[in-house]
Structures are given as C-alpha cells and as structure tokens.
Amino acid sequence: MSSYDATYAAAQAAPEEYWAAAARAIDWDRAPDRSFDPSLGAYGRWFPGGRLNTCHNAVDRHVAAGRGDQPAILYDSPVTGSRATITYAALQRRVAKLAGALAALGVGVGDRVVIYLPMVPEAPVAMLACARLGAVHSVVFGGFAAAELAARIADAEPKVIISASCGIEPGRVVAYKPLLDTAIALSPHKPLACLILQRPEQSCALTPGRDRDLLEAEAEAPPHPCVPVAATDPLYILYTSGTTGKPKGIVRDNGGHAVALHNSMGLLYGIGPGEVMFTASDVGWVVGHSYIVYAPLLVGATTVLFEGKPVGTPDAGTFWRVCAEYGVKAMFTAPTAIRAIKREDPEGKLLAAQDLSKLGTLFLAGERCDPPTAEWVAALLRKPVIDHWWQTETGWSITGNFRGLGLFPARFGSGGKPAPGYHVAALDEAGQPLPPGATGTLAIRLPLPPACLPTLWQAEARFRQAYLETFPGWYNTSDAGVVDADGYVSVMSRTDDIINVAGHRLSTGAMEEVLAAHPDVAECAVVGMKDSLKGQVPLGLVVLKSGAGKPEAELVRELVALVRDRIGPVAAFKDARVVTRLPKTRSGKILRATLRRIADAEDYTVPPTIDDPAILDEIEARLRAAP
Ligand code: COA
Ligand code: AMP
C-alpha cells in the first residue's frame, strides 16, 4: 500500500483520530472536548470546547520557540521598487501594536473589520491583528469596484475599515480612498473609524472625525496580547461570487482552520519551519488568505508577499527571479500566470537564467489547468508540477498530490486524488455516485473536513440551500467532473453561472444584473467564452427595448463602463453584442449552455425544448461578425 493510500484510508476509517493527531501540533489554551461533534451546526462542528488564538499560533509561539530572527514575510514589490524583510519578532511587535490600535477603537471578540488593502505588509499585519483580538476580518480584493465593497461592508457590518491611499497596477495608480468613500456612502452600515495607510506613491486626504493614519495609530498604541477564542468562533469572512449579485460570505472558524492549514503544509506542499513558500496570488482571494498568510506562518515558514504581476513587472522572468533570490522551495500560482509567462517567454530563456536549484515543486490552482500549460512549465523546470483543486469554501485543497506522502505519478488534466479527510464522488442528477470515468456533479461526503465553511455569514438558510440540499448527505461543489478508476479527479466546468476569468471567480448573474440596469436593455445574458490567456472571459448578449436606437458601439462602451464601475476591472468585461432575441426554452429559461458553445465555436445540438430554433443561426452569425 502506498503512503498516500495508507494515510487516506486511515483518515477515512477514523477521522476523529486523524484530526485529533493533527490538532496536537497546534497550541490550545483549552484542549477541545473532542475532534468533531455531529450534533452542532448544519453538518457538525470541529474541535468543540477548544480555545485557542490563531495569531498566537502563527506568530507568538514561533518567537517563543526561538524563531524571532527568522524572516516571516519577505515583501518584494517590483511595482514600487521596494523590498522588506519582516522577522517573526518584528511581525509580533507590529501585529500586537496594530491590535492595540484596533482595541482602542473598540474592536473586540467577534467584531468585524473590513480590510481593503493592496499587496503590502500591512495586509497580513492587519489580518493577524484582528485574529489576535478574536475579531473577524473580511478582506476585499482591490480590483473590485466601490459597489462591491459597499455590498461587503453592508453585510459584514464592520466597526473599523483598514485601507490604503492607493494600490499600484502596472501603468496606473489606483486611488483607493475615493472607492472607499463611495462604498461607505453607498452602504447602509457605516464604520465607526477607518485606518488608512498612506503610501509614498500617492497619499490622500483623511476624512476628519472618521479616518486615522494607520502607521501613526499603530505607533502610538500599546501592544495587545492574544485573546483566546472558541475553536468554533469565526476567524474571517471571505466573500465569493454566488449565482446572484449578492456575494456569499464564506465563514472560516479558528480551530479547524489552524489545524487543517498547519497539516496541509507538510502534507501537500512539503514545507516546514524555516523553509520558503511563494504564493503568487492576492490576499483578497482564498489562496492568499491560506498560503500567503496563514498556513506558512502557522508552521513557522517564511512567506513571500509579492506585489506585481507574472509579466510586465518588469518581465516574464520576475517569478523565477523571486524563487532564485529567496531560495523558494514551493511556489504556488494560477495556470493563467504560467500562460502569460509562456506567451512572453516561450522558450523559457528568463527561467533558464535563474538558479532554481532550491525550488522543489510548482503548485497550480484557481482554474482548470490545460495540459499543454502544465507540460510546458514541467519540461522547463524539470520539477514536479502539481495541479490541485479547491474552492474559497474549503480553504484548502480538496484534491492534489502530496509531497509529504511521496508523490504518485501526475496526470495532467487531473487535479490529483482526494486529500485525506475528503470523500469525493461524481454524482448523477438523483445524487447517486456514478461509475468511474462518468461525468457528474462533484460532491463531498459530509462531514466536510476541518477548515471548510461551517456556514455562510448570517445566511444559514442560504448555506443549506446552496450546498447541502441538492444531494442530501453531500456538499455540492457545483463543479462538474470525473473520478476515474484509479481515484484521480478531473474538474471540467462549473454547473452554475460562475465563470473563471484569470483564476478569478466571477458571477455571470451579477454581470447580467448590471447590464439589465442599462435603460436601453430589455433583457440580456452573460456567458463565459474561452480565452487563450485568461481561460474564460465574459461575453454579454443584449436585447434592446423598443425605441432604443443608440449606435451599437456606443451602447457597448456604456455597458463595458457600467460593469467596470459596478463590479470592477477584475471582471474583465470587454465585449457585448446586440441581438434581436435570446434563445429560450418554452418555459422561458435562457439556454446559456448553448450560447456558450456558440461563442466558443463548438458543435451544438439544437435543444429539443427551444422555443425558436432560428434565433441560434442569427446569434451565430452575429458572433462570427467583427464586434
Ligand atoms: N486593484 C485594482 N485593479 C486591479 C487589481 C487590483 N488589485 N487586480 C487587477 N486589477 C485590474 C487590472 O489592472 C486590469 O485592469 P484593466 O482592464 O484596466 O487592464 C483588470 O483588473 C484585469 O486584471 P487581471 O486579471 O490582472 O488581468 P491583466 O490583463 O491585467 O493581467 C494576467 C493578466 C494573466 C497577468 C493576470 O490575470 C494574472 O496575474 N493572473 C493570475 C491570477 C491569480 O493569481 N489569481 C489568483 C487565484 S490563485
Ligand atoms: P475560488 O473559490 O475562487 O477559489 O474558485 C473555485 C473554483 O475554481 C472551483 O469551484 C473550480 O471551478 C475552479 N478551480 C479551482 N482550482 C481548480 C483546479 N485545480 N482545477 C479545475 N478547476 C479549479
């Protein structure tokens, strides 16, 4: 039996024992009564009765153990030309003082703090400062527009917001303060105070009576100790796209998260204390929460915080330069980033110029990885390239390949085998497991392992309806895919209206709500169209109200601007077409899957339920014509 098979089988046979052993690697102020209580919450809760502090586990205990002088965070910012090394001792000082500043503003256990920051050291410092107080952070990605930030402020109801004067995108400075002010004006809930990081690239005027300079507040505050909280108390809320315009607030608890993420570092990534991990994502996404901030720090490793892009900052060799310079052992990014690098440096000359002898593994996730991309980078690196599948909801990998268990042979196109603790199956529409190799909805047998969401923020009914009700006894991932006879899982597409643009998860339903708000639009559909760089990009199809006679190019410009203004540049909504009708079933449901096939120039069969088949030819002609 392989090491993977044995560990997987042990976790399946005795999950409480498996996770109790993992929990012993964490410092507890009070040990849990048991690993799992099936009677609590929607499907049970992990580590009830336990009390701990996540910041203590990620920072203070490493200082106490003598790692104070070791780098915790290596900040590398090619967009500003700055770098910094933050040791564990320095991180502890900063986090404790910022926690003190938050406490002085009245933030305590259970209070929410929204963090709207670019990739600067203050982002992990702010997250950890909240964790230190037992407060609940909610980080919002910088590429979202004010309205999206407002929706998150309205839902999370933060006492305090931590933000910055600006973020830096290649070629432009993104002023955060106007976005923040607009969001606060739009939200029915108002924070008591804002702490603003003034960046040297562009400062901003502080709003009197509400805003304080973050660095000044931190400098003046007394250090605050770690406050133990219940293992089942929330550590953070991270909003992710649902099928409607209202984002879902994924809740992460303290105990299960600390245990599972700590466990994942050795198991999946092969990273231990003192080793360097580079996750090229953003703290606004779950990958950033888990593998830029929490997991590397929970094991006492060093994490690279990179403020830049895979290409253009300054070139397609920037990731490899970071790996070489800091002795990175595990790197993690999205396939899109590798496609972008491949496009600029197809022969890998910039990669060959770097000493990557310390790099052990490249991990990919965030979207389906097309085999040619994985093969290209694996051939150049001559190191294992591991695709692993997960979601904001799970917080860590559902499937993968396991450095800590000896790797099994990779099969590009598959996300590997289930991580110990997950029982994955492809189900048919009736919720029955399909035979190996058949495509179905991928589902995880309940209970979900530690770190996975216990609920949605103040939306228990939505949690049950979105994830638990379709297949009783299972968590519905809303991903379609296959489990083969050897246990490899391949994720093919979503079963809902979510699209994946450059590794970013976006709701077409949310974009449709924006397009429908344009005064000339009678109805619309947004579908994800294949894109060689970003995987998918959104395409809008709109039917005009009678009498709306604006030139199409002008209307499309307005629609593009509207989506950018309401959802944000990250939506990458750049293309829309006017059509006379949308294809629908006789009961009025828009045939989005057929539209997507037409947009991708794939063969399609005319759905038998279609109301008016002639419309498909018209749309095909419309999409083949130049925009
Ligand atoms: N703040 C403000 N704007 C942002 C932003 C941020 N934090 N992040 C992205 N944007 C903007 C970009 O400037 C761009 O705006 P534009 O339309 O004016 O050019 C838009 O959002 C789309 O950004 P992006 O998805 O980064 O596309 P790009 O064309 O600029 O770059 C890639 C293409 C492939 C280099 C880029 O998508 C990439 O690095 N992808 C990897 C994604 C990733 O790490 N995902 C995390 C999941 S693991
Ligand atoms: P997010 O919640 O933003 O992390 O996005 C999660 C979604 O991204 C999943 O439900 C999948 O649709 C997709 N995804 C993430 N990782 C992979 C992967 N390795 N292979 C295929 N799809 C993936």
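Values in this document were obtained by computation on a predicted structure and should not be read as measured data.
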Please check this pair: side chain of [X] against backbone of [Y], looking for a donor-acceptor N/O pair closer than 3.5 Å.
| X | Y | answer |
| --- | --- | --- |
| T394 | Q391 | yes |
| T585 | I610 | no |
| W389 | V491 | no |
| R152 | E148 | yes |
| T279 | Y291 | yes |
| R505 | S241 | yes |
| E523 | A516 | no |
| S138 | L238 | no |
| R339 | L533 | yes |
| Q202 | V173 | no |

Flag the pair [X] and [Y] as a salt bridge only when some basic side-chain nitrogen lies within less than 4.0 angstrom of an acidic carboxylate oxygen.
| X | Y | result |
| --- | --- | --- |
| E620 | R597 | no |
| E367 | K530 | no |
| R210 | D181 | yes |

- Item | Pair I184-C194, side chain to side chain contact (heavy atoms under 4.5 Å, CB included): steps then yes or no | CA-CA 10 Å; I184 293 174; C194 297; 3.8 Å; yes
Closest heavy-atom contact between [X] and [Y]?
| X | Y | value |
| --- | --- | --- |
| L595 | P583 | CD2-CG, 3.7 Å |
| A123 | P118 | CB-O, 3.8 Å |
| A183 | A146 | CB-O, 3.4 Å |

With a 4.5 Å limit on heavy-atom distance, are the side chains of [X] and [Y] in contact?
| X | Y | value |
| --- | --- | --- |
| L515 | F573 | yes |
| I196 | I162 | no |
| L541 | L623 | yes |
| F463 | P454 | no |
| D76 | E307 | no |
| L102 | D111 | no |
| T441 | N476 | yes |
| V293 | T303 | no |

- Message: Taking the six-membered ring of Y236 as reference, does the cationic atom of R112 (NZ for Lys, CZ for Arg) lie under 6.0 Å from its centre and within 45° of its axis?
- Response: no
Is the distance from the ring center of [X] to that of [Y] below 6.0 Å?
| X | Y | value |
| --- | --- | --- |
| Y422 | W396 | yes |
| F278 | F319 | yes |
| H257 | H289 | no |

Are side-chain N/O atoms of [X] and [Y] paired as donor and acceptor at under 3.5 Å?
| X | Y | value |
| --- | --- | --- |
| D497 | T508 | no |
| T580 | E618 | yes |
| Y239 | K246 | no |
| K177 | T207 | yes |

- Task: Not counting sequence neighbours, list each pair that qualifies as a side chain to side chain donor-acceptor pair (under 3.5 Å) and has a residue in residues 531-548.
- Result: none
- Message: side chain to side chain contact (heavy atoms under 4.5 Å, CB included), that's the test. Do D315 and V311 meet it? Break it down for me.
- Response: CA-CA 5 Å; D315 59 29; V311 293; over 6 Å; no
- Task: Applying salt bridge (Lys or Arg N to Asp or Glu O under 4.0 Å), run through K309 and E169 and close with a yes or a no.
- Result: CA-CA 9 Å; K309 300 269 175 174; E169 280 297 288; 3.0 Å; yes
- Step by step, would you call L215 with Q198 a side chain to side chain contact (heavy atoms under 4.5 Å, CB included)? CA-CA 8 Å; L215 295 178; Q198 294 282 16; over 6 Å; no
- Run the numbers on V304 and M277 for side chain to side chain contact (heavy atoms under 4.5 Å, CB included), then give the verdict. CA-CA 6 Å; V304 178; M277 182 161 193; over 6 Å; no
- Query: Are more than 12 heavy atoms from other residues, nucleotides or ligands located less than 6.0 Å from atom NZ of K589?
  - Reply: no
- Mark yes when over 12 heavy atoms from residues, nucleotides or ligands other than E429 sit less than 6.0 Å from its CD; otherwise mark no. no
- Message: Pair D575, R577 - check salt bridge (Lys or Arg N to Asp or Glu O under 4.0 Å), show working.
- Response: CA-CA 7 Å; D575 196 1; R577 313 288 170 92; 3.1 Å; yes
- Task: For E552 and R622, run salt bridge (Lys or Arg N to Asp or Glu O under 4.0 Å): C-alpha distance rounded to whole Å, both residues' side-chain angles, the deciding distance at 0.1 Å, then the answer.
- Result: CA-CA 12 Å; E552 183 170 7; R622 211 36 217 92; 2.4 Å; yes
- Note on the structure: Tested for side chain to side chain contact (heavy atoms under 4.5 Å, CB included) against Y176, the lone hit among C204, S163, S165 is S163
- Item | D612/K584 under salt bridge (Lys or Arg N to Asp or Glu O under 4.0 Å): CA gap, chis, key distance, verdict | CA-CA 8 Å; D612 171 13; K584 290 186 186 167; over 6 Å; no
- Message: Per the ring-ring contact (aromatic ring centres under 6.0 Å, His included) rule, what does the pair list look like for residues 492-531, sequence neighbours excluded?
- Response: F141-H504, W285-H504
- The reported gap from OG1 in T594 to CG in L616 (rounded to nearest 0.5 angstrom) is 6.5 Å
